[in-house]
2 protein chains.
Amino acid sequence: MVRGVKRRDYAQYCGIARALELVGERWALLVVRDLTVRPRRYTDLQEGLRGIPTNVLSTRLKELEQAGIVERRVAPAPRRGVVYTLTEVGRALEPALIALGRWGSSQLGEPQPGYVASPDGAVLNLRGAFQPSEAAGLTASWELRLGDTVIHARLADGALTSGLGPVEDGADLVITARFEEGEPPAYRSFVKAAREGRVDLDGPRELFDTFLRVFTYPQACERDLPTPR
Amino acid sequence: MVRGVKRRDYAQYCGIARALELVGERWALLVVRDLTVRPRRYTDLQEGLRGIPTNVLSTRLKELEQAGIVERRVAPAPRRGVVYTLTEVGRALEPALIALGRWGSSQLGEPQPGYVASPDGAVLNLRGAFQPSEAAGLTASWELRLGDTVIHARLADGALTSGLGPVEDGADLVITARFEEGEPPAYRSFVKAAREGRVDLDGPRELFDTFLRVFTYPQACERDLPTPR
DNA sequence: CTGCATCCCCTCAGATACTG
DNA sequence: CAGTATCTGAGGGGATGCAG
């Protein structure tokens, strides 16, 4: 073992290797994903990341805090407790998350039984599906309803803001997905439903076509999930 | 354990989670990084990823091939052997690699003793440093010499092509870094040398300033910088 | 309740030796 | 050159305990 090199380091002076050292551990980027959308408490994260062992979540949060990516704060009077947020450094990971989500979405097969979908994941996948070139100059707002999950997307002269919850002062178009049995409330499922016409619209129909152009991409590289060995 | 969910899966119907299932294992994205720049043999990869255990490299390559990211081919007559390349799906990971590298570069400290730098990593980090807005409409070519590593970058009306080796029919400007003792031939070290004037130029000086504008981003702890000759 | 810490178990990574 | 075989230990998965 060379001096100055911790065992789990890659020992490469490279941005990609450094990124993987900091957020390459298991579950780490999913923690960042959820915190990118909104601040969360420990138990919120446990729910959004269903299946994460409590000791792993605890360890990741400490490591991410140590790395200056996550901030741990004690919440004020009503609903006291601990709230985790991203630092500026942590928020700077969003482009990487979006790029990974863009690629991974193209590699999603059919939802497996037992698969879940977190609202935070849906927001990030929406942002990954966004096609700026199709949105140039547009101004409009949409409200997407994926089961209990409500997402807003607003274009102001082609610039996107998006997040959880409804659009303030009403969306131009509300799109409610009619999910089938067992279909998780993921963004990908929402797009599938929209393409197949399994949606209810409240607003001008042409804005629905605009939505499909601006917030989806051709699912060229589709493939099935590998069969368990 | 729920049916249909392998133990190491995240069991989330989310593009980011899917990406991490496919390329989130240790060393996996670094293998893809090296293959993004050029096809490589097994031993090439071992050298570029110094420190990777041979059984892990072997396992990762099989997994990546299984996932349709990497292709294994037997090379033709001269220099027979096995050559690994990326598939279309694998090449589609480049934006994610670049985004991760951009972020990770901002988190790189001083090079630790024992750290190495692969030529392939330098190319990807160059692409991550590229600022399209600063390059709009520009046409020019640079050759960067980082020790034994030679990188070319060519702008054609603002569009970048880059890779290893010199520019065909000569670069407009050749920039040779004068590295200090122990400084690894990484892109970040090259930028540092350039900013501190530790470079030799062969070509018009104004193209050097253009290079700094187009291929670097502000890094922490910037100070007044001496001008190179 | 929330926010962890501790336990055991087992998988996978690290290191090294060896082979078609 | 392109891996396989084997051993060991770190770290993740899962259940449980417990303090504020």
Side-chain angles (χ1 to χ4, degrees), chain A residues 1-2 5-12 17 20-21 23-31 34-35 39-66 70-85 114 228-229, chain B residues 1-2 5-12 17 20-21 23-31 34-35 39-66 70-85 114:
Chain A
M1 185 156 107
V2 187
V5 179
K6 281 183 300 186
R7 183 184 291 273
R8 302 280 296 187
D9 281 357
Y10 289 108
Q12 298 209 5
L20 295 175
E21 286 170 4
V23 294
E25 307 286 312
R26 207 162 148 68
W27 294 102
L29 270 182
L30 293 181
V31 172
D34 280 15
L35 293 179
R40 312 237 68 191
R41 327 169 123 251
Y42 191 89
T43 41
D44 298 333
L45 290 167
Q46 275 191 309
E47 192 193 351
L49 307 172
R50 249 198 8 199
I52 188 173
T54 172
N55 57 343
V56 173
L57 177 55
S58 172
T59 305
R60 288 300 159 271
L61 285 169
K62 273 179 214 155
E63 290 163 352
L64 290 170
E65 192 186 356
Q66 176 84 15
V70 155
E71 229 168 6
R72 187 195 134 106
R73 278 191 208 159
V74 176
R79 272 210 92 207
R80 278 200 324 272
V82 181
V83 171
Y84 294 94
T85 59
R229 312 170 252 220
Chain B
M1 181 157 112
V2 188
V5 179
K6 282 183 300 183
R7 182 186 291 273
R8 304 280 295 187
D9 280 358
Y10 289 109
Q12 298 209 5
L20 295 175
E21 286 170 4
V23 294
E25 306 286 311
R26 206 161 150 68
W27 293 102
L29 270 182
L30 294 181
V31 172
D34 281 16
L35 292 179
R40 312 238 67 193
R41 321 170 140 257
Y42 192 88
T43 41
D44 297 334
L45 290 167
Q46 274 191 308
E47 192 193 350
L49 307 172
R50 251 196 358 198
I52 188 174
T54 173
N55 58 345
V56 172
L57 176 56
S58 173
T59 305
R60 287 295 101 83
L61 284 170
K62 274 179 211 154
E63 291 164 350
L64 291 170
E65 193 187 355
Q66 173 87 14
V70 155
E71 229 168 5
R72 186 196 133 108
R73 278 192 208 159
V74 176
R79 276 206 89 204
R80 280 201 318 276
V82 181
V83 171
Y84 292 95
T85 59

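Residue numbering restarts at 1 for every chain, and letters A, B, ... go by the order of the sequence lines.
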For Arg73(B), salt bridge (charged side-chain N to carboxylate O under 4.0 Å, His left out) partners two or more places apart: Glu71(B)
Salt-bridge present (Lys62(B), Glu65(B); N to O < 4.0 Å): no
Return the nearest nucleotide to the side chain of Val82(A); candidates are dC4(C), dG12(D), dG14(C). dC4(C)
Minimum-distance nucleotide to Arg72(B) side chain [options: dA2(D), dC4(C), dA13(C)]: dA2(D)
Side-chain N,O ([X]) to OP1/OP2 ([N]) below 4.0 Å:
| X | N | answer |
| --- | --- | --- |
| Tyr84(B) | dG3(D) | yes |
| Ser58(A) | dA5(C) | yes |
| Lys62(B) | dA2(D) | no |
| Arg41(A) | dG3(C) | yes |
| Arg60(B) | dA13(C) | yes |

Just to verify, what does Glu25(B) make a side chain to side chain donor-acceptor pair (under 3.5 Å) with, not counting sequence neighbours? none
Residue set satisfying side chain to side chain donor-acceptor pair (under 3.5 Å) with Thr43(B), at least two apart, ordered chain then number -> none
What's the [atom1]-[atom2] distance between [X] and [N], to the nearest Å?
| X | N | atom1 | atom2 | value |
| --- | --- | --- | --- | --- |
| Leu30(B) | dG14(C) | CG | P | 11 Å |
| Arg8(B) | dA13(C) | CZ | P | 7 Å |
| Arg26(A) | dG13(D) | CZ | C1' | 9 Å |
| Trp27(A) | dG13(D) | CH2 | C1' | 10 Å |
| Tyr42(A) | dC18(D) | OH | P | 17 Å |
| Leu57(A) | dC4(C) | CG | P | 9 Å |
| Asp44(A) | dC4(C) | CG | P | 13 Å |
| Glu63(B) | dC12(C) | CD | P | 9 Å |

Could I get the full list of side chain to side chain contact (heavy atoms under 4.5 Å, CB included) partners for Arg50(B), not counting sequence neighbours? Val116(B)
State, yes or no, whether a side-chain contact exists between Arg72(A) and Leu61(A) at a heavy-atom distance under 4.5 Å. no
Supply the atom-to-atom distance Tyr84(A) OH to Leu45(A) CG, rounded to the nearest 0.5 angstrom. 8.0 Å
To the nearest 0.5 Å, what is the distance between CG (Leu20(A)) and CG (Leu30(B))? 5.5 Å
Quick one: do the Thr54(B) and Tyr42(B) side chains pair a donor with an acceptor below 3.5 Å? yes
Per the 3.5 Å Watson-Crick/G-U criterion and a run length of at least three, the stems involving DNA chain D are C:1-19 with D:2-20
Heavy atoms within less than 4.0 Å of DNA chain D: which residues of residues 45-56 of chain B have one? Give them sorted by number. Thr54(B), Asn55(B)
Does the ring of Tyr10(B) carry Arg26(A) above it, NZ/CZ under 6.0 angstrom from centre and within 45° of its axis? yes
